[in-house]
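Heads up, the thing below is written out as structure tokens.
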There are 2 protein chains.
Amino acid sequence: MADTRQRLIAAAAALLDQGGPAAVTLRDVGRAAGVSHNAPYRHFADKRSLLAAVAAAELARQGVNLGQADGSSDDVRAMMQGYVRWAQRYPERFHLTFGRWEGEDAGLGEAATAARTGFNRAVASAQARGELPAGDPERLASMILALAHGAADLGLGGHLSGPGKGGAGAEALVADLFDYLRAAAR
Amino acid sequence: MADTRQRLIAAAAALLDQGGPAAVTLRDVGRAAGVSHNAPYRHFADKRSLLAAVAAAELARQGVNLGQADGSSDDVRAMMQGYVRWAQRYPERFHLTFGRWEGEDAGLGEAATAARTGFNRAVASAQARGELPAGDPERLASMILALAHGAADLGLGGHLSGPGKGGAGAEALVADLFDYLRAAAR
DNA sequence: ACCTGAACACCGTTCAAGT
DNA sequence: ACCTGAACACCGTTCAAGT
């Protein structure tokens, strides 16, 4: 049944969370899904393809968060802080999802553009309200996303002096950016 | 001789550039350095420790770039665009260097803080000139670095609509941020 | 102090069968 | 159409020796 495929993806995601991509062995995935160690090859071309399915599922789940907002700059900022919290809670999924994906893996590209569309619309809406600087909405959205992404990634790597050391955490850096953008919009 | 250690690091860096961390097999590293496949264990505790040495060397090399500037906002921006170009040219070293490093690996932490110090000073100097918004220099430096880092990482993953698709590349996003910051400083 | 060859456990992948 | 057990090549790491 196609149920096996879903169980394989769920098992892979759980192993990924626990120990990163190296811990996602096809033997453990099979064991957790109740099948043999090479049953995954009946559903996925290889290990990389299985991980791509995990990333696509995660991206679809995350895309929902980016689509629900009225479009004030507070909404846009809340989306980005939600993005940062997601990265902090599921660091391995975060790295996997935004890693390098050559070719078209399991509709990963479509899921990514779908997730971005809602966010771009929210940014455009905040611009129309005069709460964010004018200009190409997609370009401004890219810049905002880049900051949230970079802050989350540096934070996970311990490369931000950090909230513990008296420095600014990733969420605070996102808040700072929006303060600057609102100031520049005036 | 201690020369072997340097050859091992150089060989590991070359293999990393070609095929990522998975391509850095101790057998190939040894072969390229002219020693047996487990000679590396006389110089490094394990594979992870060897990669940490590669990251530390790269960080030291990159730190030089961040230390040479008069401190205008143009200098700070040029540093960040240099950072982005470095990531684009050596994507594997970029990901390795800013990945997760548990514990104190081969003085990696010291190299990182040294690299940051020069950059923080340049930011503070640009603030003193009134070219960047006032406030805690280290916090502003973190925000700027987060944007450059995120833009580079998203660009490498193909998650920026990109210069090819008509969208903004990582370097352009860095330029945009500085435009906003200069506007907010007035 | 530094290096080597053999060996071990583990992993991704393939193959010949099975239902 | 989906699954299994055996097998292969490869890799990180350890060990007993060698100089």
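Each chain gets a letter, A, B and so on, in the order the sequences are listed, and its residues count up from 1.
- D:dA17 and C:dC2 have their P atoms separated by 22 Å, with the value rounded to a whole Å.
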* List the steps, then state whether side chain to side chain donor-acceptor pair (under 3.5 Å) holds for B:Asp153 with B:His95. => CA-CA 8 Å; B:Asp153 197 33; B:His95 281 129; 2.7 Å; yes

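- The distance from atom CE of B:Met79 to atom CD1 of B:Ile144, rounded to the nearest 0.5 Å, is 10.5 Å.
- Checking the phosphate oxygens (OP1, OP2) of C:dC3, a side-chain nitrogen or oxygen of B:Thr4 falls inside 4.0 Å.
- Taking the ring centre of B:Phe94 as origin, the terminal cationic atom of B:Arg89 falls outside the region bounded by 6.0 Å and 45° from the ring axis.
- In this structure, A:Arg182 pairs ionically with A:Asp74, as a charged nitrogen and a carboxylate oxygen lie closer than 4.0 Å.
- B:Pro91 approaches A:Arg100 most closely through the heavy-atom pair CB-NH2, 3.7 Å.
- One distance of note links CD of B:Glu131 with CG of B:Asp75; it measures 9.0 Å at 0.5 Å rounding.
- Atoms CZ (A:Arg31) and C1' (D:dT4) sit 15 Å apart, rounded to a whole Å.
- The distance between atom CG of B:Leu8 and atom C1' of D:dG12, rounded to the nearest whole Å, is 15 Å.
- When rounded to the nearest whole Å, the span between CZ of A:Arg5 and C1' of D:dC3 equals 17 Å.
- Separation of atoms CG (A:Leu108) and CD (A:Glu58) is listed at 11.0 Å; rounding is to 0.5 Å.
- Residue-environment remark: CZ (B:Arg116) exceeds the threshold of 12 foreign heavy atoms within 6.0 Å.
- Interface residues of residues 17-25 of chain B facing DNA chain D, ordered by number: B:Val24, B:Thr25; criterion, heavy-atom separation under 4.0 Å.
- Phosphate contact (OP1/OP2 of C:dC3, side-chain N/O of B:His43, threshold under 4.0 Å): present.
- Proximity of a side-chain donor or acceptor of A:Ser125 to a complementary backbone N or O of A:Arg121 within less than 3.5 Å is not detected.
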* Structure fact -> Under a 4.0 Å heavy-atom criterion, the protein footprint on nucleotides 13-19 of chain D, written with B, S and -, is BBB----

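- Between A:Glu171 and A:Arg77 no salt bridge is recorded (no basic side-chain N to carboxylate O distance below 4.0 Å).
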* Structure fact -> Pairing string of DNA chain C (Watson-Crick or G-U wobble, both atom distances under 3.5 Å; | = paired to other strand) is ||.|||||...|||||.||

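- Relative ring orientation between B:Trp86 and B:Phe98 is described as perpendicular, the plane-to-plane angle rising above 60° on a 0-90° scale split at 30° and 60°.
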